[in-house]
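This report concerns only the one structure given below.
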Amino acid sequence: MAKKIIELKNITKSFDGQVVLDDICLDIYDNEFLTLLGPSGCGKTTLLRLIGGFETPDAGDILFLGQRINDLPPHKRNVNTVFQRYALFPHLSVFENVAFALRERKAPREEIEARVEEMLSMVALTGFENRSVTRLSGGQQQRVAIARALVGRPRVLLLDEPLAALDLKLRKDMQQELKKIQKATGVTFVFVTHDQEEALSMSDTIVVISEGRIQQIGASTDVYNEPKNAFVADFIGESNIVDGVMLADRSVSFSGHTFDCVDGGFERNEPVDVVVRPEDVDIVPEDKGMLRGVVTSVTFMGVHYEVIVDIGGFKWMIQTTDFVDVDERIGLYIEPDAIHIMKKSEYSGLYGDYASFSNEFDELSDAESEAEE
Amino acid sequence: MNDRSRRRSLVTGVTSAPYQLWAVLFILVPLAFVAYYAFTDNAFHFTTANIARFFTATSPVTDAGGSPVQVRTYMVIAWRSVKLAVIATAVCLLLGYPLAYIISRAPAKVQKTMMTLIMIPMWMNFLIRTYAWMTILQDTGILNNLLAALHLRRVHIIGTQTAVIIGMVYDYLPYMILPLYSIMAKMDHRLIEAARDLGCAPAGVLRRVILPLSMPGVVNGVTMVLIPSISTFYISQKLGDGMFFLLGDAIEGQYVAGNLHFAAAIAFILMVALLAAMALMRRLTGKYTYGGAAA
């Protein structure tokens with residue numbers, strides 16, 4: 001087992017009586033790429049700021065290599081931050097921005113020059129030393145921010161939505177690059193994002209946070225394939241989440257049909273949440289389907305179609321490469337290992353129905369605005 | 001030039017005309033008159049005598065040993081003006097900088113209140129403010145009565161250099177705080193956090209980030225305090241008991257006495273000196289403007 005670098009123990013934090021973080025427990029291991037994932041306002045940035053030293057917890061302890069660092073000011077922590085929108089020093093050149101931490105340590109001049117050059121070549125900005133940071137593009141500023149934060153060889157690098165301000169193409173490139181830099185330097189990355197795709201593609205470990213509480217900690221494939229509750233299932237990827245009853249181990253009933261599944265360990269007849277990913281549903285002729293319904297909407301997405309099917313009043317989303325038409329009656333076939341069973345939680349019933357799916361809304365509002373004209 | 005841009009330039013021309021007229025009538029023409037008077041004699045013939053007089057005129061004074069000596073009158077006055085103005089500006093900067101910083105970091109509501117409090121004295125006439133300081137600082141004034149009531153030693157301030165500097169600082173401090181505050185309020189708080197993150201203790205943050213980034217505010221504040229305090233005349237007369245004759249007093253005195261040409265010459269020299277000083281200052285601090293050093 002890798003070494004624990006940071007341990008958060010029962011961290012609680014409120015602002016103006018509003019609980020932002022509620023009893024957070026989290027271990028961060030050496031050399032891992034850990035992502036704090038959650039919707040805006042879930043407390044993930046506050047968590048990052050606690051580790052960085054910009055906030056102190058109301059209760060609980062932060063340990064760094066076993067030492068309690070609750071009250072250690074940011075400049076004494078062996079942790080650096082890549083800030084949202086970079087926070088580069090506008091009065092300093094690219095070189096001086098990167099050299100900032102080394103100058104503060106009064107490092108010898110040769111060392112500063114060598115380290116800065118090394119960092120700039122790592123982020124592919126060699127030759128930009130004397131440029132003003134205000135005249136760089138967003139992507140270049142991002143690279144300077146990363147170089148500046150890594151130059152002092154921190155044990156942990158905190159990244160606060162560093163890619164949010166970049167356009168899609170650049171963001172994809174930077175995701176690859178960040179991952180590469182993390183591998184090359186061996187620094188532990190704690191990455192904050194609200195973009196689930198970004199989290200899935202980059203992370204060793206994903207920490208899903210909602211309303212100040214950790215919902216699930218796990219590898220990308222774990223949180224995708226085995227979501228702990230309806231919130232996680234809905235937030236990460238698309239999910240059909242329906243009410244079901246666990247009849248016995250490996251047998252679940254939902255939407256008026258009894259399915260074989262691979263999960264067990266529930267009480268007999270325990271009510272559960274059933275998750276089926278849209279890409280795991282096969283469309284078959286109506287008479288061959290386990291479930292039957294009417295297609296209410298079809299959207300072409302490039303690689304696949306996104307089909308909304310009404311099954312007994314509950315709208316399912318299905319991603320398929322087969323074309324079906326609106327108003328067509330179809331059957332659905334679901335493999336046992338495509339069915340994931342979750343315990344009921346406070347999030348049950350809140351997510352997973354595509355009745356209010358945005359594509360349908362778009363169609364509606366388009367129709368309305370046309371009618372008005 | 002196409003039609004559209006011609007029309008636009010016409011619009012800009014028409015709308016900016018009043019301001020241009022204003023600038024010409026009330027800025028350029030008066031300046032030209034100052035220069036014209038400075039370089040002419042009473043018959044409006046060209047002369048450099050007024051300028052020369054400023055540099056060469058002498059008057060007798062008694063030196064420390066009690067013997068009479070000749071000094072260059074206006075050189076002595078100019079030096080005194082510069083000295084007092086520089087001291088007053090430095091005091092304003094030392095008082096104003098921390099205050100502006102504290103205000104800029106306070107909650108929005110507190111910021112508003114503090115700035116209003118700083119502005120309130122400016123609503124009062126500057127002569128009245130100066131008179132108020134006379135009643136405070138006089139030997140039998142408020143300050144000394146207060147000290148007496150507390151059984152402390154009375155102090156003699158009125159008529160001293162200190163009194164003149166107090167007057168200048170009080171009158172011009174808002175002009176220092178305003179530009180400093182406005183630049184500090186705009187400063188991105190995350191830059192301070194970034195500096196902390198990269199290993200700076202609070203003192204390092206001040207030296208390496210806040211100070212350089214607020215340099216344009218310092219330059220503006222110093223300019224706005226130095227210029228009026230170098231040419232002030234009323235404060236020195238009232239609070240200095242006439243003991244500290246400054247350039248402003250000289251200009252006023254010559255003007256009242258009807259020596260318009262010499263008054264204009266002093267004003268002209270002062271103006272040129274200030275412009276040179278400002279240019280030099282901007283040059284020295286130019287690297288601190290946003291955008292960083294030119295590569």
Side-chain angles (χ1 to χ4, degrees), chain A residues 16 45 48-49 51-55 72-107 127-136 144-145 147-154 156-160, chain B residues 97 100-101 104-111 179-222 281-295:
Chain A
D16 304 323
T45 295
L48 202 71
R49 290 173 60 80
I51 301 172
F54 300 110
E55 309 283 355
L72 199 67
H75 64 282
K76 292 191 175 150
R77 297 189 182 197
N78 195 3
V79 166
N80 284 129
T81 309
V82 174
F83 290 85
Q84 216 169 2
R85 278 167 294 148
Y86 328 131
L88 299 177
F89 302 118
H91 60 299
L92 298 177
S93 65
V94 169
F95 184 95
E96 286 304 324
N97 262 281
V98 177
F100 196 90
L102 300 178
R103 292 227 189 276
E104 193 61 32
R105 292 179 195 168
K106 306 210 169 12
F128 284 72
E129 290 81 357
N130 297 323
R131 291 273 192 100
S132 156
V133 291
T134 53
R135 291 194 191 121
L136 299 179
V144 176
R148 182 181 71 172
L150 283 172
V151 78
R153 303 183 204 271
V156 178
L157 186 70
L158 309 175
L159 302 105
D160 188 6
Chain B
Y97 195 92
Y101 182 72
S104 74
R105 291 286 154 250
K109 235 176 151 176
V110 179
Q111 287 192 24
L180 284 173
Y181 165 76
S182 74
I183 203 148
M184 285 172 177
K186 272 189 299 185
M187 203 181 288
D188 187 347
H189 187 66
R190 283 168 314 136
L191 293 178
I192 294 166
E193 290 193 342
R196 298 274 284 153
D197 190 69
L198 293 164
C200 281
V205 178
L206 180 67
R207 186 173 55 82
R208 298 189 65 194
V209 177
I210 299 171
L211 219 51
L213 285 177
S214 60
M215 238 19 221
V218 172
V219 172
N220 284 337
V222 165
M281 189 148 91
R282 270 176 211 279
R283 179 153 217 154
L284 290 178
T285 57
K287 69 175 170 133
Y288 287 119
T289 49
Y290 276 83

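Numbers restart at 1 for each chain; the letters A, B, ... are given by sequence-line order, proteins then strands.
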Subject >> Between B:Ser214 and B:Tyr97, a side-chain donor and acceptor under 3.5 Å >> reply: yes
Original post:
Between A:Asn130 and A:Ser93, do the side chains contain an N or O donor and an N or O acceptor separated by less than 3.5 Å?
Top reply: no
Subject >> Heavy-atom side-chain proximity of A:Leu150 to A:Asn80 below 4.5 angstrom >> reply: no
Could you look at [X] and say if it's the side chain, the backbone, both or neither that has a heavy atom under 4.5 Å from chain B?
X: A:Val82; value: neither
X: A:Arg77; value: neither
X: A:Leu158; value: neither
X: A:Arg148; value: both
X: A:Phe89; value: both

Original post:
Under the 6.0 Å and 45° cation-pi test, does B:Arg196 pair with A:Phe54?
Top reply: no
Subject >> Max heavy-atom pair count under 4.5 Å with chain B, selected residue of A:Glu96, A:Arg103, A:Lys76, A:Glu129 >> reply: A:Arg103
**OP:** Kindly determine whether B:Ser104 and B:Met187 satisfy side chain to side chain contact (heavy atoms under 4.5 Å, CB included), including the steps that lead there.
**Re:** CA-CA 9 Å; B:Ser104 74; B:Met187 203 181 288; over 6 Å; no
